[in-house]
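Each remark here refers to the structure printed beneath this line.
The model shown is predicted, which means the values in this text are computed figures rather than measured ones. Just so it is clear: chains get the letters A, B, ... in the order the sequence lines come, proteins before strands, and each one is counted from 1.
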There are 2 protein chains.
Amino acid sequence: MNKNSKPQANQKVTASDVAAKAGVSKWTVSRTFTEGASVSPRARERVLKAAAELGYRPNLLARGLTKRQTHIVGLVVDEMDNPNLLALINATTSQLQSRGYLSMLLNISSENDHGAAISLADQFQVDGLIFLGTVLRDELVELAQQIRHIPLIVLYRNCMDPNIQVVSTDGYRAGREIAALLIEQGYRRIGYMTGLISESTQLRRLEGFRDGLAEHGLAVEEILEGGHYQRACGYRTLERYLETMVPAERVEALFCENDILAIGALDALHKRGEVGSMGIVGFDDIEEAASPSYALTTYRQPLEQLVSEAVRRISLRDAAPRRHLVPGELIIRDSHRRTH
Amino acid sequence: MNKNSKPQANQKVTASDVAAKAGVSKWTVSRTFTEGASVSPRARERVLKAAAELGYRPNLLARGLTKRQTHIVGLVVDEMDNPNLLALINATTSQLQSRGYLSMLLNISSENDHGAAISLADQFQVDGLIFLGTVLRDELVELAQQIRHIPLIVLYRNCMDPNIQVVSTDGYRAGREIAALLIEQGYRRIGYMTGLISESTQLRRLEGFRDGLAEHGLAVEEILEGGHYQRACGYRTLERYLETMVPAERVEALFCENDILAIGALDALHKRGEVGSMGIVGFDDIEEAASPSYALTTYRQPLEQLVSEAVRRISLRDAAPRRHLVPGELIIRDSHRRTH
DNA sequence: ACGCTTTTTGCAACCGGGTGCAATCTGATA
DNA sequence: TATCAGATTGCACCCGGTTGCAAAAAGCGT
């Protein structure tokens, strides 16, 4: 009862089929679908008509085989629990698709076999590999070296290996801008809350922050270790700090490595009824940051631009290991101000 | 200065190369890498050795072309803002990879061209299409009909079209279980908070809930429209309800269509200092549900099982439009109890 | 109408590997 | 040692498209 008798092009329609119907050779069909090939308008029209009637769609495997270009890009993803990641994946796949590329998702979180995944992508002749917010361990770099000569791009994170391309937010610059903002507010005693130490981008952030302060003769008075990417971590870290330090000794402002920690910090201030006693700045501009109850001053990473640059490099087949840092945007709300 | 002179297998190593080095024909090489093909142990060994030395890796495009099986699965994804989605994507890609499949992500959210994306996947000869938490509009179903005969699976959602396979949580059963739980608590006046109406799975949930209550001679006293998947929505909806109804007239317990709404509802109770005055049950068991400040009683969808079933069907090339409903698990915490 | 330049088009070969079939090689049995 | 089944291997050809080359057709000036 399931026999579909509709004349829909259920099975394979090949170029030869179209050729037969259009009364030309299959090569002419191929040329019709090749940009800038030489085909007479008349032939093209007949081919197009026949193709439409038959519902012809070129087999992309075959095309990839001969053209040595598949228009598939491997997206290597780790840490599948970071909510930012979804936005990254969304933006990347979206832009890739609109430029005619397809994304192959390679999950290398936890128990998955990293080597197998990357090798498999290579065997599929992907046109490039984008590491999405992945912290590239040496092990991965080594793997990546063994594959074909294609663009390897670390997006949204940093990677010091000279053979890997990087497209990322200019953390150093961001750090300086935030330092400048806080100094402008008149703060002298300024602190920094780190996330997990392992993430190399953030180091540059702190460096820039430090240098920005140094220009005005200031130093980072206090470095708090925030730890994981969780509100509770920011909360506990600041809470403990507030407990141990009398108000006069505390820093007046705190730059947190990401919004989640910053929001946790704000929660801690709130809990102790000390909202407004310390300027807080975050990083990322996540959705909650805009909520009026936080009004978090933060720094927005130029997501679309970053992705766009990465995609551009892939489509240019640019495998040269350059590094591209894009400036983000300071989002000024209220949390960096002290009200008392 | 960038000339890589290392003897690494930078370029293409084909089966013929391996054959030459191993002193056999390329067909023997092919057979060596084919499960269950007839190759003498001696030949196999020599091929394997040569392959290893040369760093040979079969070209999967070529293989896919002849075998008519690519081991690529298209993951069609919509609503890239739903955080549940990330867990779904993670589980799916992970399981696919461990079974030797690769995932091609097709983003059909917002401005992306749905038709183009799905058609492209088809042209790449994917072995199946999984719609991840996508609400399958008719338009999509129609598109899907036009492609090759491969499994089309809607995962984590429902779809009434008889030509599409469904692998999803048994919402009807869940609804009944929750009804039973609430009745067991002694409640008589029981309500339901909906999410967005458009999502068809949830209808079954309400049906089951309704039937479960009916068995004990009860009905759903109140249907609150929660709206979007946002805490604020659950919050506002319940707040408004509490404002308009005097305690004696209120429902004693409320089953919310998802945890986000349920948590919003708990927030509303908390805000009014009426925690414990109403039993609340959610659905999904998101991370926050376990937090002691909510202790949300909820229903966990069997994510891994669902994914596993979908992957199984793909690998069996089972394109028959069956529908598979998996029971989830009631997670009993405290929020369904009344304390006063 | 004629020679000459451009297009257009057909063909063979190829991308990298897989399959059916027949030829060849085992080696165990008679 | 001859015989024959079964395992192994080579070969031609296929998958579905693309490309370089040369032949055929069309355009053009005179």
Side-chain angles (χ1 to χ4, degrees), chain A residues 9 11-48 50-51 54-72 119-120 122-127 147-148, chain B residues 9 11-48 50-51 54-72 119-120 122-127 147-148:
Chain A
Q11 290 299 27
K12 55 202 169 186
V13 179
T14 73
S16 301
D17 297 333
V18 177
K21 177 147 192 170
V24 296
S25 67
K26 68 169 182 169
W27 297 282
T28 301
V29 174
S30 169
R31 290 195 177 95
T32 303
F33 291 97
T34 302
E35 197 69 21
S38 156
V39 190
S40 70
R42 202 162 49 94
R44 149 168 284 123
E45 205 162 327
R46 300 180 58 185
V47 168
L48 253 26
L54 262 41
Y56 168 68
R57 309 154 136 190
N59 180 325
L60 263 20
L61 294 182
R63 176 176 291 176
L65 192 54
T66 51
K67 288 216 168 179
R68 291 148 184 304
Q69 199 188 1
T70 53
H71 282 237
I72 302 183
S119 165
L120 226 49
D122 184 38
Q123 289 180 260
F124 261 112
Q125 319 293 105
V126 295
D127 286 350
I147 69 179
R148 294 164 25 258
Chain B
Q11 289 300 26
K12 54 202 169 187
V13 180
T14 74
S16 301
D17 298 333
V18 177
K21 179 148 191 169
V24 298
S25 67
K26 67 168 184 167
W27 297 283
T28 302
V29 175
S30 169
R31 290 198 176 92
T32 303
F33 290 97
T34 302
E35 198 70 19
S38 156
V39 190
S40 69
R42 201 162 49 94
R44 151 168 283 124
E45 205 162 327
R46 301 180 58 185
V47 168
L48 253 27
L54 262 40
Y56 168 67
R57 308 154 137 190
N59 180 325
L60 263 21
L61 293 182
R63 177 176 290 175
L65 192 55
T66 50
K67 287 216 166 177
R68 288 147 186 306
Q69 197 187 2
T70 53
H71 282 239
I72 301 184
S119 165
L120 227 47
D122 183 39
Q123 290 181 257
F124 262 111
Q125 319 293 106
V126 295
D127 286 349
I147 69 180
R148 295 167 20 261

Less than 3.5 Å apart, which donor and acceptor atoms pair up between the side chains of residues 13-24 of chain B and the rest of the protein, not counting sequence neighbours?
{"unit_1": "Thr14(B)", "atom_1": "OG1", "unit_2": "Ser16(B)", "atom_2": "N", "d": "3.2"}
{"unit_1": "Thr14(B)", "atom_1": "OG1", "unit_2": "Asp17(B)", "atom_2": "N", "d": "3.4"}
{"unit_1": "Asp17(B)", "atom_1": "OD2", "unit_2": "Thr14(B)", "atom_2": "N", "d": "2.9"}
{"unit_1": "Lys21(B)", "atom_1": "NZ", "unit_2": "Glu53(B)", "atom_2": "OE1", "d": "3.1"}

Nearest whole Å is fine: how far is [N] [atom2] from [X] [atom1]?
{"X": "Phe33(B)", "N": "dG16(C)", "atom1": "CZ", "atom2": "P", "value": "16 Å"}
{"X": "Arg44(B)", "N": "dT9(D)", "atom1": "CZ", "atom2": "P", "value": "10 Å"}
{"X": "Arg46(A)", "N": "dT8(C)", "atom1": "CZ", "atom2": "P", "value": "16 Å"}
{"X": "Lys67(B)", "N": "dG20(C)", "atom1": "NZ", "atom2": "C1'", "value": "15 Å"}
{"X": "Arg63(B)", "N": "dG17(D)", "atom1": "CZ", "atom2": "P", "value": "21 Å"}
{"X": "Arg57(B)", "N": "dC15(C)", "atom1": "CZ", "atom2": "P", "value": "20 Å"}
{"X": "Leu54(A)", "N": "dG16(D)", "atom1": "CG", "atom2": "C1'", "value": "15 Å"}
{"X": "His71(A)", "N": "dG17(D)", "atom1": "NE2", "atom2": "C1'", "value": "15 Å"}

Give a yes/no on whether any side-chain N or O of Ser30(A) is located under 4.0 angstrom from OP1 or OP2 of dG17(D).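 For dG17(D), neither OP1 nor OP2 has a side-chain N or O of Ser30(A) closer than 4.0 Å.
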Give one of base, sugar-phosphate or nothing for Val39(A), where a contact means two heavy atoms less than 4.0 Å apart.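 The residue Val39(A) makes sugar-phosphate contact but no base contact.
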Heavy atoms only, 4.0 Å cut-off, all strands: where does Ser38(B) land among base, sugar-phosphate and nothing? base
Which pair of heavy atoms, one from [X] and one from [Y], lies closest together, and at what distance?
{"X": "Gln125(A)", "Y": "Arg148(A)", "answer": "CA-NH1, 3.4 Å"}
{"X": "Thr28(A)", "Y": "Val39(A)", "answer": "CG2-CG1, 4.1 Å"}
{"X": "Leu61(B)", "Y": "Leu65(A)", "answer": "CD1-N, 4.0 Å"}
{"X": "His71(B)", "Y": "Asp127(B)", "answer": "N-OD2, 2.7 Å"}

Nucleotide nearest Pro41(B) (side chain, heavy atoms from C-beta), chosen from dT8(D), dG17(D), dT19(D): dT8(D)
Considering only side-chain heavy atoms of Ser40(B), which listed nucleotide, dT18(D), dT8(D), dT8(C), is closest?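 Shortest atom-to-atom distance from the side chain points to dT8(D).
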Heteroatom pairs (N/O) under 3.5 angstrom, protein to nucleotides 21-23 of chain D:
none

Pull out every residue in residues 14-25 of chain A that has a heavy atom closer than 4.0 Å to any atom of DNA chain D, ordered by number, or say none.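 Contacts with DNA chain D under 4.0 Å: Thr14(A), Ala15(A).
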Bend angle of the helix from dA1(C)-dT30(D) to dA30(C)-dT1(D), end axes from five pairs each (to 10°):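 Both end axes considered, the difference amounts to 40°.
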Tell me, which pairs form a salt bridge (charged side-chain N to carboxylate O under 4.0 Å, His left out) where one or both residues lie in residues 24-48 of chain B, sequence neighbours left out? none
Begin from the C-alpha positions of Leu48(A) and Tyr56(A) and carry the test side chain to side chain contact (heavy atoms under 4.5 Å, CB included) through to its verdict. CA-CA 9 Å; Leu48(A) 253 26; Tyr56(A) 168 68; over 6 Å; no
Polar-atom pairs under 3.5 Å, protein N or O versus N or O of nucleotides 13-15 of chain D: list them with distances, or write none.
{"unit_1": "dC15(D)", "atom_1": "O3'", "unit_2": "Arg68(B)", "atom_2": "NH2", "d": "2.8"}

